[in-house]
Amino acid sequence: MVARDLIGAMFLADGAGGVVVETEAYASDDPASHSYRGRTGRNATMFGPAGHLYVYRSYGIHWCANVVCGDDGVGAAVLLRALEPIQGIAEMQARRGLADIALLCSGPGRLCQALGITGEHDGVPLDRPPFELRAAEAPPETISGPRVGISRASERPWRYVLRNSLFVSRPRPLA
DNA sequence: GGCATGATGGCCT
DNA sequence: GGCCATCATGCCA
């Protein structure tokens with residue numbers, strides 16, 4: 001599953017970013033997925049080719065970034081929930097107005113703010129500038145568990161985190 | 001055309 | 001721990 005493969009990958013936006021430590025999968029037949037009720041204006045990107053970025057606004061305030069992983073017309077994506085800051089940390093701290101590294105990218109909205117990702121990045125490919133996505137060199141130790149932050153079908157164990165990472169969005173996400 | 005809701009985060013008590 | 005900001009989307013009338 002792509003959600004697990006993304007754990008440990010290096011994700012950079014314009015030179016700022018780090019290692020993916022938390023993801024959550026959303027399938028097309030998933031009641032919690034934006035693609036569940038079919039293709040609409042907002043989620044059109046989810047139905048596009050894999051390897052692109054799907055960005056949407058949450059609660060009118062925050063941005064959330066997904067990696068499209070289904071093929072054309074499928075409507076599947078993986079939400080990037082947290083990164084471990086590695087590169088461009090000063091830039092991310094400035095954008096977040098926050099010094100604490102552990103909180104820089106520990107959540108979907110925070111991650112987008114730190115990397116400067118907004119709705120204008122919706123639909124852009126991740127394999128060329130300003131973005132860079134590099135798979136993990138060695139399979140990291142991951143844990144899966146129930147998803148969080150949603151009101152439907154949250155019991156599907158499609159949330160993945162890097163074991164013992166201090167940079168995930170919840171203190172004790174999983175055992 | 002109008003209303004309810006959300007894959008969140010920050011600041012309050 | 002609880003409440004609130006703030007708006008695009010989606011569904012209903």
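Chain letters run A, B, ... following the sequence lines, proteins first, then strands; residues in each count from 1. Note that this is a predicted model, so its numbers are computed, not measured.
Without hydrogens or angle criteria, A:S28 side chain to A:G75 main chain gives no donor-acceptor distance under 3.5 Å. With hydrogens and angles ignored, the 3.5 Å screen pairs no side-chain donor or acceptor of A:D122 with any backbone N or O of A:G119. Listed for the A:H52 side chain is a donor-acceptor partner under 3.5 Å among the backbone atoms of A:G123.
As rounded to whole Å, 9 Å separates atom C1' of C:dT9 from atom OH of A:Y54. Between the OH atom of A:Y36 and the P atom of B:dG6 there is a distance of 15 Å, rounded to whole Å. In this structure, CG of A:D100 is placed 11 Å from P of B:dG10, rounded to the nearest angstrom. Atom pair A:W63:CH2 and C:dT9:P shows a separation of 9 Å (rounding to whole Å applied). Straight-line distance from the OH atom of A:Y59 to the C1' atom of C:dA5: 12 Å, rounded to whole Å. The CG atom of A:L104 sits 11 Å away from the P atom of B:dG10 (whole-angstrom rounding). Whole-Å rounding puts the A:I61 CD1 to C:dT9 P distance at 16 Å. When the C1' atom of C:dA8 is taken as reference, atom NE2 of A:H62 falls 14 Å away, rounded to whole Å.
Residues A:R134 and A:D127 are not paired through a salt bridge, judged by the lack of any N-O separation under 4.0 Å between the basic side chain and the carboxylate.
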Item to complete: Fill in the dot-bracket string of DNA chain B, one character per base: . for unpaired, | for a pair to another strand, ( ) or [ ] for pairs within the strand, taking Watson-Crick or G-U pairs under 3.5 Å.
Response: ||||||.|||||.

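Of all nucleotides listed (C:dG10, B:dA7, C:dC7), C:dG10 comes nearest to the side chain of A:N43. Among the nucleotides B:dG10, C:dC7, B:dT8, the one closest to any side-chain atom of A:P108 is B:dT8.
When the side-chain nitrogen and oxygen atoms of A:R37 are compared with OP1 and OP2 of B:dT5, none of them lie within a distance under 4.0 Å. Contact check, A:R81 against B:dT8: a side-chain N or O comes under 4.0 Å of OP1 or OP2. For C:dT9, the OP1/OP2 oxygens have no side-chain nitrogen or oxygen of A:H34 closer than 4.0 Å.
Judged by atom type and distance alone, A:Y56 reaches the base of B:dA7 through a side-chain donor-acceptor pair under 3.5 Å.
Evaluated for a side chain to side chain contact (heavy atoms under 4.5 Å, CB included) with A:L83, the options A:L12, A:L111, A:V21, A:V19 yield exactly one hit, A:L111.
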Discussion item. Please determine whether ring-ring contact (aromatic ring centres under 6.0 Å, His included) holds for the pair A:H34 and A:Y26, giving the CA-CA distance in whole Å, both sets of side-chain angles, and the decisive distance to 0.1 Å.
Written reply: CA-CA 8 Å; A:H34 287 171; A:Y26 290 88; 7.5 Å; no

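In this structure, A:Y26 packs face-to-face on the six-membered ring of B:dA7, meeting both the 5.5 Å centre cutoff and the 30° plane limit.
A:Q113 and A:R95 form no side-chain donor-acceptor contact under 3.5 Å, judged by distance and modelled atom types alone.
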